[in-house]
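Have a look at the structure below before the remarks.
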Amino acid sequence: MSSVPNENWAIIENMIKKEGIASHHLNSYNEFLDHGIQDIIDEVGGIDVETTGTPYRVSFGKIFIGEPRSVELDGSTSRILPLETRLRDLAYSAPIHLEMTVEENGIARETQKHHIGDIPIMIRSAKCETSKMAEKQMIEKGEDPLDPGGYFIVNGSERIIVGLEDLSPNKIIVEKDKVGGNIVHRSKIYSSIVGYRAKLELTLKADGAIMVKLPSSPVDLPIVTLIRALGIENDREIASLISNQNQVHNLLEITFEKAVLDRDTHCNVCKVCGLRILEKAKDQTQEEFDKENPDYENCGHDEVCGKLGDCSHKALMYIGNRVAHGMLDEFRIRKAESILDWGLLPHLGKERENRYDKAIFIGEAVCKLLELRMNWINQDDKDHYGNKIVKFAGPMIADLFRTAFRNLIRDMKYQLERTSHRKGSNIVGASIRPGIITDKLANAVATGNWGRGKVGVTQLLDRTNYLSLLSHLRRIQSPLSRTQPNFEARDLHSTHYGRICPSETPEGANCGLVKNIALSSVISVSSSFEDIIDKLTQIGIVPSRDISMEDRSRFCKIFVDGRLIGYTKDENKLVTSFRNMRRQGQIHSHASINLQKYPNKNASTRIHVSLSSGRVLRPLIVVSNGQPLVNHDVVSRTQNGELSWQDLIHMGVVDLLDANEEENALVAIDGTTEFSNEHTHVELFSSSILGAAASLIPYAEHNQSPRNTYQSAMSKQSLGFPTPNYNYNTTVREHLLVYPQNQLVKTRATSLLNIDKRPTGQNCVVAVMSYEGYNIEDAIVMNKSSVQRGLARSFFYRLYDAEAKQYLGGMKDNFEIPKSDENTRGYRGEKYYRLLESDGIIMHESVVSGGDVIIGRTSPPRFMEEYKAFDMTGPYRRDTSIAVRPSEFGVVDSVFMTQNEDGEKLYKIRVRDMRIPEIGDKFASRHGQKGIVGLLVNQEDMPYTESGIVPDIIINPHAFPSRMTVGQFIESIGGKAASFRGTPVDGSTFAGENADDLGNKLKEYGFESSGSEIMYDGKTGKKLKVEIFIGIVYYQKLHHMVADKMHARARGQVQMLTKQPTEGRARGGGLRFGEMERDCLIAYGASMVLKDRLLDESDKTNVNVCDHCGLLAYYDGQQRKYTCKIDGEDAQISSVTIAYAFKLLLQEMMSLNIAPRLLLEDKV
Amino acid sequence: MATIKILESSDSHVKLLLKGIDRVYANALRRFAISEVPCMAVDEIVIHENSSVLYDEILAHRLGLIPLTTDLEGYILPEDCSCKTSLGCTKCRVLLVLDAVATDEVKTIYSGDLVSEDTRVKPHLDNIPIVKLAPTQKIKLEAYAKLGKGRNHAKWQPATVSTLTDTDNASEFHLTIESNGSLPAKEILLQATNILNTKLKNMTETIKESA
């Protein structure tokens, strides 16, 4: 029995409800704390202290992460919650303790736990206090139970690490590239382990040689040299590592020659057995030769063949010569070896014994490269989501922690070696400076500077409304440059289906580079490598070391996380067994397997097993023998909570597929499909392919696609009810809609994403008609009476803060009312301080406007010495009060007084301003239809229906034909039907209530099914000539309001340097009379207006110019004379009117030794 | 000949059939029912204490929108009153007091909790929620209700629905008025007629004077 597609929503719902909307952030971070951080410690292992006396070692043990806490000035600590952290500008971080053991001569002396630094704790992660709290307890503590977490708090501000899209690590990617007309084939591998990655690039040059670019080598090496250096000397073996196909071997010849040509590695090889041929030097006797090469033996193939070992050594030397040129032989070899062990393919290990695996891996990379060259396989698609992973907080913080920890170790080593005469735990403790890690982490999270040119990794969390928060948490950024076209990378790819929202992306520079994950997507967590090897061995594989030459080319290669681990004869059986074991729960559900077969028989068949974290998976219902395994019964048991989505996965009826595995699947679009035996899966729920923002658009499938994109961007600007603890919020700018309403036409995502508890708009009666021309060009006409009844009323909050800093020398800032009689610098005048209480702080509920001081503060003078020298008035304090921004008003909403980390007094004052809709405020429906209020109309002047309904909003019919937002019409009818029948309408994309049914519903209630009604003109009472389409549409108030934007200036401030008017509203700036405006006046010949705008009303100045030399003269105040430096006191001086900027130009030129002379003539 | 037939009538609702009356006059009545007929609404508030979660502005807005039963005989419009003070005098304003506190559980404050100094002017309905108080929160305020006109603010609109609609017969109209409870629907209609009358009279006089 096939399941009804609409029912399956219960599974998606269960998934998101259980995991939370930010599970990808939390899982990623928890994974890091769980073992990632320990791996980084283990990788270092310990510090070898090299001293003059007995050297000793400090080895590292287990790491412990504490609870988030605040450390006060006196050293006392207390547990904190996110709320307090935000309020007090603290960091939500926990101490890291590391076990350190002092070992002498391999004997452990003592073990002690030491504090090595603090790590920012992700809100709602396993280490966050609130993750253990029940809902009720969270409410008591003032935390929002619906806050999904997934972000950090540093310096009181919320920072989120946006998911970073990256190429899959440890994967061989082959591509064709054009360099100067020649086609070059490349094979790239980004090998990475926790916090470290190295790129390896193999290039098949135009001459046919394969060269490799090592991360730390300045020159390219022939690939054969590299493989030899890794310890494989037999050329035949090298060739067979790569492939056993003759055609491939033919292509390899040039590469081998390339390696041979170099004198250092000159290795002639026996054509039969592959052993190296040793040749006698010209002046060498047979005895000398025998003595030098004691191990050589004749292979019997007419040549003298040597033993192994030598070839590899020479290859190492070859590398050493290039990376450590001119050093000692021994050092060169060491350097080359360290590059091979540490820099080359680090994911395969860092030990000598891993070299063989590395050689195998490189062999495979060459094989794939040459198969591409032969056109047996296609080049890899870099935009395929199977070749990408998304990195969230875990890997990003790991990256950071690795460098910070290494810095700490370096510092410790230095400290310990400096104090080498003393030993023991105490000294170890004293050598630790926890600030190294604490500051590095906090700084990076606070600024987003990750080092190595990576900026903007963290962003300030968008709290405009609840949806913008959710959407921000599900955002993904591509590292590709936004200035380059990158056309393909911006396109929607077929593998995005069900993983990335097709609608939600910004317009413009970031279009297609910034994406959002779909509701159905699951970000994988990593699973154990060893377990999988066990399981695969169980199923039956031939390990790569045991494979015979012939089988190597016939069998299917098996890769686990990019590592070739073996071969199988029957690849289909292996893949099927693997999937069966996964469905039985024996293999982690996030592990994926992909069988890669090519139509060309020569190409190798490959199986890729992926265990890594950050792959984007999506759930699909398993279809077995033409039957979907999820039936009505399973869904209803999920619905009533008997089963969770995890259970469904463990039952093997739902699979999580990554984009690679999906390549092997045939997915039916929904349960109504006619299933064949070929089908492997069926979609879970059609509209879950959308992201958070797009899934809230009702009837989105009826809209023109870009409208859904516009709406997805716009809904993040709408005002609503972002959080219930808004009275304790200390966000710099915040909005709150006074009467938020639930949507009458909702989608399934509405309640799933808790938008019904945190709404962002109101249901308005909307008529589509013109009104006196006041809704032309996307304006909207609004009912003034509705506005007076509270429609779209909102509050705007602005936070002002000030702390009393302590300065060196014991001086500090004071909170007080600055006094005029104390000669305070920058005193503003008594009236500005009138609202302050005696403590220098304003009372809450005071009405304030631009310029009023709300926090009175004085600071000590900047430079003490300056006053001592002159000692005229003595040092006086400066007024550093905080005043309300010009052009803003409000009521002081709340006053917070607290102490920051340094024990300094900290005030945060929030001013609120009620915003009643006015002409110029911006509104939008949920279909990308935005407009500003063009007119507020009294109720009696508004058109009315037969039953006396008066619209709240009148929009212009011209908004529809070209934009084709049919979804809004259906919403309008649905809203009308919903308000009469008393239950909301489900407008879910692809699964909403049928539009015809809604029309019929309207008919039942006595309306026309089209949604149109007879209306009357409010001014005359006459019936309108046409019927008007009227219904209920959910409207959002957007945060662009005229009150924040309107600006005019007659006179005002000027800039200090140029004496031209300032720029910008905040500084009371002028309105720029720009170049094009200037052109108009020139064209018109209005020279006086031109002069007025550009000179008289700008930076007009008079300068004195010497008539004779034409340079600037000056007025000597003491002699009361005009003086020219060149022509002396008797020079003829004229006053000239010029622009001040021109005067600056003259002076700047003079500073460059250019004498600009003004040649003066008398005015007629 | 003009006739008026009352089709439906109750305190909250009146529906008339107008025959032979020009649409212009009928529409004027419809519009006056919304914008010109005065009724009582809270206009000024003195807040002594407000520890609720609602800001003073919102509280004031909500109180203003509560329909108050109106005694048009007993009070006059503030602009016509001789007192000319901001809070008004006994002739032009009514004092309503709200003094509520939630002691140990969440308590909803309703319009019925407003205590009026004049029993004729009080909330039309007692069950309009004003604010929810959490334990220990308190509200104490004096609300001054005044007469006003709908054209100045929607809170002074006595009619919620006021329509003039066509019938099958071209010379006949339906006039429907629904009251928000501050005045009986019929009273609104009569007042509207009076206002129309006065306005026309004033106009006639003005024309006569200037002629």
Side-chain angles (χ1 to χ4, degrees), chain A residues 139-140 724-728 736-739 783-791 793-795 797 844-847 889-894 910-916 936-950 952 1013-1025, chain B residues 13 15 18 21-37 41 47 49-62 64-67 134 148-167 170 173-178 180 192:
Chain A
I139 295 171
E140 274 167 18
N725 61 3
Y726 60 87
N727 273 332
Y728 301 101
L736 179 75
L737 188 67
V738 180
Y739 295 109
N783 185 336
K784 194 195 256 177
S785 301
S786 305
V787 169
Q788 287 169 345
R789 291 183 191 112
L791 182 83
R793 203 165 274 219
S794 68
F795 277 101
Y797 302 93
H844 68 95
E845 299 297 321
S846 314
V847 180
F889 319 82
V891 179
V892 176
D893 184 62
S894 31
R910 200 165 72 149
V911 176
R912 70 167 186 262
D913 179 21
M914 186 161 69
R915 297 282 173 84
I916 299 170
L936 291 167
V937 179
N938 285 330
Q939 185 177 329
E940 66 269 21
D941 294 334
M942 289 291 267
Y944 56 89
T945 67
E946 201 91 15
S947 55
I949 297 289
V950 179
D952 294 313
E1013 284 185 49
I1014 294 169
M1015 287 189 87
Y1016 293 85
D1017 176 18
K1019 292 192 169 164
T1020 61
K1022 278 186 192 157
K1023 195 192 260 184
L1024 295 176
K1025 286 197 178 118
Chain B
H13 176 95
K15 187 174 182 182
L18 310 179
I21 293 177
D22 198 303
R23 189 199 298 271
V24 177
Y25 299 106
N27 189 44
L29 290 182
R30 178 192 77 80
R31 290 165 58 85
F32 285 174
I34 298 171
S35 63
E36 288 291 333
V37 175
I47 295 180
E49 192 175 348
N50 172 17
S51 51
S52 76
V53 289
L54 287 192
Y55 304 134
D56 295 355
E57 301 93 296
I58 295 300
L59 204 58
H61 179 238
R62 292 182 71 82
L65 291 176
I66 296 171
K149 290 179 178 177
R151 69 174 135 106
N152 292 323
H153 195 281
K155 67 184 172 186
W156 283 306
Q157 291 179 6
T160 51
V161 169
S162 177
T163 59
L164 179 71
T165 52
D166 292 2
T167 60
F173 305 109
H174 280 145
L175 179 64
T176 315
I177 288 172
E178 270 177 42
N180 69 358

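In the text below, chain A, chain B and the rest are named by the order of the sequence lines, each starting its count at 1.
For A/V950, no part lies under 4.5 angstrom from a heavy atom of chain B. B/N152 touches chain A through its backbone: at least one of N, CA, C or O sits under 4.5 Å from a heavy atom, while the side chain does not. Of the atoms belonging to A/S786, not a single heavy atom falls under 4.5 Å from chain B. For B/H61, the part sitting under 4.5 Å from any heavy atom of chain A is the side chain, from C-beta outward, and nothing else. With a 4.5 Å cut-off on non-hydrogen atoms, A/D941 touches chain B through its backbone and its side chain both. Contacts of B/T165 with chain A are made by both backbone and side-chain atoms, with heavy-atom separations under 4.5 Å.
With sequence neighbours left out, B/Y55 forms a ring-ring contact (aromatic ring centres under 6.0 Å, His included) with A/F795.
Between chain A and the options B/V53, B/I58, B/D56, heavy-atom pairs under 4.5 Å are most frequent for B/I58. Taking chain A as the reference chain and counting heavy-atom pairs below 4.5 Å, the highest number among B/R23, B/H174, B/K155 is found for B/R23.
Side-chain atoms of B/R151 never come within 3.5 Å of backbone atoms of A/N938 as a donor-acceptor pair (strictly under, hydrogens ignored). Remark: the backbone N or O of B/I34 is not paired with any side-chain donor or acceptor of A/E940 at under 3.5 angstrom.
One finds the OG atom of A/S947 at 9.0 Å from the CD atom of B/E178 (value rounded to the nearest 0.5 Å). The NZ atom of A/K1022 sits 12.0 Å away from the CG atom of B/L164 when rounded to the nearest 0.5 Å. In this structure, NZ on A/K1019 lies 7.5 Å from CZ on B/R31, to the nearest 0.5 angstrom. Interatomic distance, B/D166 CG to A/E946 CD, rounded to the nearest 0.5 Å: 8.0 Å.
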Q.
As a quick check of understanding, evaluate side-chain contact (heavy atoms from CB on, under 4.5 Å) for A/Y1016 and B/T163, giving each step before the final call.
A. CA-CA 9 Å; A/Y1016 293 85; B/T163 59; over 6 Å; no
Q) Where do A/R912 and B/E57 land on the salt bridge (charged side-chain N to carboxylate O under 4.0 Å, His left out) test, with the steps shown first? A) CA-CA 11 Å; A/R912 70 167 186 262; B/E57 301 93 296; 2.6 Å; yes
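Checked by atom type, the side-chain pair B/Q157/A/R789 shows a donor-acceptor distance below 3.5 Å.
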